[in-house]
Asks: 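What follows is a structure written as structure tokens; I'll ask about it next.
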Amino acid sequence: MGIEGFLGDFYLWVKALHVISVIFWMAGLFLMPRYLAHHMDYPAGGSEDARWIEREAKLAKIILGPAMHAAWTFGILLILNIGFDAGIWLYVKLGAVIALTIFQVFVARWRKQAAVGIRHHDSRFFRMVNEIPAFVIIIAVIMVIVRPF
């Protein structure tokens, strides 16, 4: 059974890879603020501080960056396959993905600041912002599955 669009029979594979990428990206987005929350409990310059810096850097390099890039790549392929006239739901979902990307930029900035001893926020702040990706992904999933617009 062939599927329309330039992806043809590869459509479902690209869709599966997109979903897998998003799962890993979301895992990283949930984990990094939690790491930062725990990191803030230790004074800058100590041995535990160094361990949190290393953990955060590995999470960013191994999971967050690659997963975000893969999610965007496969997502763009899916959009190109269905076209930009799919409906308002597509633009709301894209807005949610852009919001997650901006959130990741902020998290990366906070991580880099913490690595050099700059701490503008405490652990309570990071526990609160840890909830932001959950609300945004709920919107994205509803747009894709329910397509209310």
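Every heavy atom of this structure was used, including side-chain atoms; hydrogens, water molecules and symmetry mates were not.
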Asks: Looking at Phe6, I want to see if its CZ is surrounded by more than 12 non-hydrogen atoms of other residues, nucleotides or ligands under 6.0 Å.
Replies: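 Counting neighbours around CZ of Phe6, more than 12 heavy atoms of other residues, nucleotides or ligands fall under 6.0 Å, so yes.
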
Asks: Taking atom CG of Asp41 and atom CG of Leu36, what is their separation to the nearest 0.5 Å?
Replies: 11.0 Å

Asks: For Phe74, enumerate each residue passing the ring pair (Phe, Tyr, Trp, His ring centres under 6.0 Å) test, keeping only those at least two apart in sequence or located in another chain.
Replies: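 Partners of Phe74 under the ring pair (Phe, Tyr, Trp, His ring centres under 6.0 Å) test: none.
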
Asks: Using atom types as modelled, flag every donor-acceptor pair under 3.5 Å from a side chain in residues 138-149 to any protein atom, sequence neighbours excluded.
Replies:
unit_1 : atom_1 : unit_2 : atom_2 : d
Arg147 : NE     : Val144 : O      : 3.3

Asks: So, does His69 use its side chain to make a donor-acceptor pair with the main chain of Gly65 at under 3.5 Å?
Replies: yes

Asks: Measure the CG-CD distance between Leu31 and Glu56 for me, rounded to the nearest 0.5 Å.
Replies: 9.5 Å

Asks: Would you check if Pro33 and Phe106 make a side-chain contact, meaning some heavy-atom pair closer than 4.5 Å?
Replies: no

Asks: Show the nearest heavy-atom pair for residues Ala44 and Gly117, with the distance to one decimal.
Replies: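 Minimum heavy-atom contact is CB-CA, 4.0 Å.
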
Asks: Any salt bridge (Lys or Arg N to Asp or Glu O under 4.0 Å) involving residues 117-135? Give me the pairs, sequence neighbours left out, ordered by first then second residue.
Replies: Asp49-Arg119

Asks: Using side chain to side chain contact (heavy atoms under 4.5 Å, CB included) as the criterion, list what pairs up with Leu100, not counting sequence neighbours.
Replies: Trp25, Met26, Leu29, Pro133, Val136, Ile137

Asks: Can you get from Ile62 to Val22 by hopping between Ile, Leu, Val, Met, Phe, Trp and Tyr side chains that sit under 4.5 Å apart?
Replies: yes

Asks: Which side-chain hydrogen bond (donor to acceptor under 3.5 Å, both in side chains) pairs, counting each pair once, include a residue from residues 94-103, with sequence neighbours left out?
Replies: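 Output for this query lists Trp72-Thr101.
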
Asks: Output the distance between atom CZ (Phe103) and atom CG (Asn130), rounded to the nearest 0.5 Å.
Replies: 7.0 Å

Asks: Hey, quick one: are Leu17 and Phe10 part of the same hydrophobic cluster, counting side-chain heavy atoms closer than 4.5 Å, chains of contacts allowed?
Replies: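 No; tracing contacts between hydrophobic side chains, which count when under 4.5 Å, never links both residues.
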
Asks: Going by the rule ring pair (Phe, Tyr, Trp, His ring centres under 6.0 Å), which residues pair with His38 if we only count those two or more places apart in sequence or in a different chain?
Replies: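 Result, ring pair (Phe, Tyr, Trp, His ring centres under 6.0 Å) vs His38: Trp52.
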
Asks: Quick check: do Phe126 and Trp110 have side-chain heavy atoms less than 4.5 Å from each other?
Replies: yes

Asks: Do Ile132 and Met128 sit in one hydrophobic cluster, given that two such residues count as connected whenever their side-chain heavy atoms are within less than 4.5 Å of each other, even indirectly?
Replies: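 No, it is not one cluster - the side chains of Ile132 and Met128 are not joined through contacts under 4.5 Å.
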
Asks: Using a 4.5 Å cut-off between side-chain heavy atoms of Ile, Leu, Val, Met, Phe, Trp and Tyr, which other residues end up in the same hydrophobic cluster as Val116?
Replies: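 Joined to Val116, directly or through intermediates: Ile118.
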
Asks: State whether the number of non-hydrogen atoms from other residues, nucleotides or ligands found under 6.0 Å of Phe125 atom CZ is greater than 12.
Replies: yes

Asks: Hydrophobic clusters here meaning ILVMFWY residues chained together by side-chain heavy-atom distances under 4.5 Å, can you tell me if Leu7 and Ile79 are in one?
Replies: yes

Asks: Arg51: which residues meet the salt bridge (charged side-chain N to carboxylate O under 4.0 Å, His left out) condition with it, sequence neighbours left out?
Replies: Glu48

Asks: Measuring from atom CG of Leu64 to atom CG of Leu59, what distance do you get when rounded to the nearest 0.5 angstrom?
Replies: 5.0 Å

Asks: Output all residues satisfying salt bridge (charged side-chain N to carboxylate O under 4.0 Å, His left out) with Lys112, sequence neighbours left out; order by chain, then residue number.
Replies: none

Asks: Taking all atoms of both residues into account, what is the closest heavy-atom pair of Ala67 and Ser21, and its distance?
Replies: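 Heavy-atom minimum between the residues: CB-O, 3.7 Å.
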
Asks: Can you list every side-chain hydrogen bond (donor to acceptor under 3.5 Å, both in side chains) pair that touches residues 57-68, not counting sequence neighbours?
Replies: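 Only Glu54-Lys58 qualify under side-chain hydrogen bond (donor to acceptor under 3.5 Å, both in side chains).
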
Asks: Is it true that atom CG of Leu80 has more than 12 heavy atoms of other residues, nucleotides or ligands lying nearer than 6.0 Å?
Replies: yes

Asks: With sequence neighbours excluded, what pairs up with Ala60 under the side chain to side chain contact (heavy atoms under 4.5 Å, CB included) test?
Replies: Met32, Arg111

Asks: Under a 4.5 Å side-chain heavy-atom rule over Ile, Leu, Val, Met, Phe, Trp and Tyr, are Leu77 and Ile82 clustered together?
Replies: yes

Asks: Using atom types as modelled, flag every donor-acceptor pair under 3.5 Å from a side chain in residues 89-99 to any protein atom, sequence neighbours excluded.
Replies:
unit_1 : atom_1 : unit_2 : atom_2 : d
Trp89  : NE1    : Ala86  : O      : 3.1
Tyr91  : OH     : Phe84  : O      : 2.6
Lys93  : NZ     : His18  : NE2    : 3.3

